[in-house]
Amino acid sequence: MHTYELVAPCHFGLESVLKREIYQLGYEISQVEDGRVTFVGDDEAICRANMFLRTAERVLLKVGKFQAKTYDELFENIRALPWEVYLPKDAKFWVTKASSVKSKLFSPSDIQRIVKKAVVEKMKEYYDFEWFQETGASYPIRVFLLKDEVLVTIDTTGQSLHKRGYRTMGGKAPLSETLAASLLMLTPWRSDRILVDPFCGSGTFLIEAAMMAANIAPGINREFTAQEWENLITRKQWYEVLEEAQDFIDTTVETDIQGYDIDPEVLKAARENAKRAGVLHMIHFQQRDVSQLRHPKKYGFLVTNPPYGERLASGEDLTALYQQIGKIYHNLDDWSMYLITSYEQAEQDIGRKADKNRKIYNGMLKTYFYQFLGPKPPKRSKKQTE
């Protein structure tokens, strides 16, 4: 097996969660940067990272890294990379994305054109071909420039890893599956604890939680670009990783996961999403306004993405809504509450300062993950756990 450096992009501010996931998979981390984690793995690691990582956006195979301040430097350094190791002579390859931040080379289209030309020249030189038909498997190239440092990768994933395959409909301003999973992992919630989302929308928080509880791998119902890379990864390796994922599943685990929304159509979509994910039996959905939220048990978790500016008409609506959230949380005995919002006055209207507050970028939108911590439940005796 070959050893590679693999780059996993994630939501800015959530690198520590992805880092923990990669360690749990058993791989060595070589670098942590803003919005991405680089780790070392073999052929199988490409399969397992795509199958099991809940918080990564994709898995990129690192081809090289170098400095370039001119297009000539970019061309020569790209051509010098060992493309023949990764690309067979019938490979379909193109630069699917080029991004540049604080670099002298800043035009994405020019970067894409130069990189493609340089790779072609290297391939012509190695394979002694003048023309490449590109009829084989796809090898999408992604290039990132930051302060004149160029990172060159090939995308093993294809469609972003947040595309689990269960969500065909979303509510208004839905959270991505990867962001929802990341936020859940920032909480101490476990499958034996109550979880309620009173603004559940399309059900992303609840479905991700149920999949975690049942050990359902996030990539189990989708395909990946690298599945066609038979020059690097055998079909047998993909089958073995799929079998590993299937062996982990336990949908008989008992959970208390509940979701409420006032929109019956959105709830219908949430149920369909949960059904496709294989966890509908683990979640209780109900049409209910947030003001009606009650629960007799202690030590539960309120985890939610409440409406903010984009989803309500006026500031007055927001003030009243967040005051209502504060009121219902006050009445939940010994519960913890975690909410993500871009609403700047959330703490003021809730009537309590958060114990922790984490700034997270949801796309280009700056949001805050407010964490109101309740007490830990008492440890159960051996008799209770037997």
Side-chain angles (χ1 to χ4, degrees), residues 14 16-17 20-21 24 54-55 175 179-201 203-216 250-261 270 274 279-286 288-306 321-341 346-347 349-358 360 368-386:
L14 293 169
S16 62
V17 184
R20 188 166 74 238
E21 269 204 290
Q24 287 170 349
R54 298 184 188 276
T55 63
L175 282 183
L179 179 54
S182 299
L183 298 179
L184 282 166
M185 289 183 183
L186 282 176
T187 78
W189 177 80
R190 295 295 179 267
S191 59
D192 60 346
R193 305 280 294 277
I194 305 158
L195 177 65
V196 176
D197 183 353
F199 303 96
C200 72
T204 310
F205 266 135
L206 307 172
I207 294 168
E208 289 295 316
M211 289 178 70
M212 289 179 198
N215 280 325
I216 299 174
D250 178 11
T251 55
T252 65
V253 63
E254 291 187 12
T255 58
D256 190 346
I257 301 174
Q258 304 176 28
Y260 310 125
D261 206 284
V279 294
L280 179 58
H281 66 290
M282 298 172 65
I283 306 170
H284 173 69
F285 291 104
Q286 187 175 346
R288 183 189 289 189
D289 186 81
V290 64
S291 62
Q292 299 175 316
L293 178 57
R294 306 281 188 278
H295 205 292
K297 294 182 180 179
K298 293 185 174 186
Y299 310 115
F301 286 78
L302 206 63
V303 183
T304 191
N305 173 32
L321 178 66
Y322 280 77
Q323 287 175 345
Q324 184 67 63
I325 292 171
K327 184 178 178 182
I328 62 112
Y329 177 55
H330 179 75
N331 292 328
L332 288 169
D333 194 13
D334 292 335
W335 279 47
S336 298
M337 179 169 71
Y338 299 81
L339 58 89
I340 181 171
T341 179
E347 290 173 301
D349 292 343
I350 287 170
R352 175 179 162 181
K353 185 172 177 59
D355 298 288
K356 294 182 180 179
N357 181 14
R358 196 176 188 120
I360 293 167
Y368 301 92
F369 189 48
Y370 293 105
Q371 303 167 60
F372 301 87
L373 309 180
K376 292 181 180 180
K379 288 185 178 180
R380 286 183 287 182
S381 66
K382 288 185 178 179
K383 286 184 179 180
Q384 288 176 302
T385 55
E386 286 174 357

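Ala346 approaches Tyr370 most closely through the heavy-atom pair CB-CE1, 3.7 Å. The minimum heavy-atom distance between Trp335 and Lys297, with the atom names listed, is NE1-O, 2.8 Å. Annotation for Ala210 and Met282: closest pair O-CE, 3.5 Å, computed over non-hydrogen atoms. Between Asp261 and Cys200, the shortest heavy-atom distance links the atoms OD2-N, 3.7 Å. Annotation for Ala209 and Trp189: closest pair O-CH2, 3.5 Å, computed over non-hydrogen atoms. Of all the heavy atoms in Met185 and Arg20, the pair that sits closest is O-NH2, 2.9 Å.
With rounding to the nearest 0.5 angstrom, the CD atom of Glu208 is 10.5 Å from the CG atom of Leu183. Here the CD atom belonging to Glu21 is positioned 11.0 Å from the CG atom belonging to Leu14, to the nearest 0.5 angstrom. A distance of 10.5 Å separates CG in Leu175 from OG in Ser182, rounded to the nearest 0.5 Å. With rounding to the nearest 0.5 angstrom, the CZ atom of Arg294 is 8.5 Å from the CD1 atom of Ile328. Interatomic distance, Asp334 CG to Lys298 NZ, rounded to the nearest 0.5 Å: 5.0 Å. Put simply, CD on Gln323 and CG on Asp349 are 5.5 Å apart, with the number rounded to the nearest 0.5 Å.
Under the side-chain hydrogen bond (donor to acceptor under 3.5 Å, both in side chains) criterion, Asn357 pairs with no residue at all, not counting sequence neighbours. For Thr304, the side chain to side chain contact (heavy atoms under 4.5 Å, CB included) partners at least two apart in sequence or on another chain are Asp197, Pro198, Phe199, Pro306, Leu339. Residues passing the side-chain hydrogen bond (donor to acceptor under 3.5 Å, both in side chains) test with Asn215: none are found, sequence neighbours excluded. Under the rule for a side-chain hydrogen bond (donor to acceptor under 3.5 Å, both in side chains), Glu347 has no partner lying at least two apart in sequence or in another chain. For Asp289, the side-chain hydrogen bond (donor to acceptor under 3.5 Å, both in side chains) partners at least two apart in sequence or on another chain are Ser291. With sequence neighbours excluded, the residues satisfying side chain to side chain contact (heavy atoms under 4.5 Å, CB included) with Ala270 are Phe285. Every ring pair (Phe, Tyr, Trp, His ring centres under 6.0 Å) that Tyr322 has, sequence neighbours left out, goes to Tyr343. The side chain to side chain contact (heavy atoms under 4.5 Å, CB included) test applied to Arg190 returns Asp192, not counting sequence neighbours. For Lys327, there are no salt bridge (Lys or Arg N to Asp or Glu O under 4.0 Å) partners, not counting sequence neighbours. Under the rule for a ring pair (Phe, Tyr, Trp, His ring centres under 6.0 Å), His281 has no partner lying at least two apart in sequence or in another chain. Not a single side chain to side chain contact (heavy atoms under 4.5 Å, CB included) links Pro296 to another residue, sequence neighbours left out. Partners of Arg352 according to the salt bridge (Lys or Arg N to Asp or Glu O under 4.0 Å) rule, which considers only residues two or more places apart in sequence or in another chain, are Asp355.
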May I have the step-by-step check of side chain to side chain contact (heavy atoms under 4.5 Å, CB included) for Tyr338 and Phe369, ending in yes or no? CA-CA 7 Å; Tyr338 299 81; Phe369 189 48; 3.6 Å; yes
Verify side chain to side chain contact (heavy atoms under 4.5 Å, CB included) between Arg358 and Leu186, making sure each step is shown before the conclusion. CA-CA 10 Å; Arg358 196 176 188 120; Leu186 282 176; 3.5 Å; yes
Test log, rule side chain to side chain contact (heavy atoms under 4.5 Å, CB included), inputs Thr187 and Gln371: CA-CA 8 Å; Thr187 78; Gln371 303 167 60; over 6 Å; no
After noting the C-alpha distance and the side-chain angles of Leu195 and Leu184, does the key distance pass the side chain to side chain contact (heavy atoms under 4.5 Å, CB included) rule? CA-CA 10 Å; Leu195 177 65; Leu184 282 166; 4.3 Å; yes
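Between Asn305 and Thr341, every side-chain heavy-atom pair lies at or beyond the 4.5 Å cut-off. The closest side-chain heavy-atom distance from His330 to Ile325 is not below 4.5 Å. A heavy-atom distance below 4.5 Å is not found between the side chains of Met337 and Leu332. With contacts defined as side-chain heavy-atom distances shorter than 4.5 Å, the pair Tyr299/Ser336 does not qualify.
Between the side chain of Gln258 and the backbone N or O of Ile283 there is no donor-acceptor pair closer than 3.5 Å. Judged by distance alone, with hydrogens and angles left aside, the side-chain atoms of Ser191 form no donor-acceptor pair with the main-chain N or O of Thr255 at under 3.5 Å. Between the side chain of Arg54 and the main chain of Leu179, no donor-acceptor pair closer than 3.5 Å is present.
Cation-pi contact between Arg288 and Tyr260: present, with separation from the ring centre below 6.0 Å and deviation from the ring axis of at most 45°.
More than 12 heavy atoms of other shown residues, nucleotides or ligands fall within 6.0 angstrom of atom NE2 in His284.
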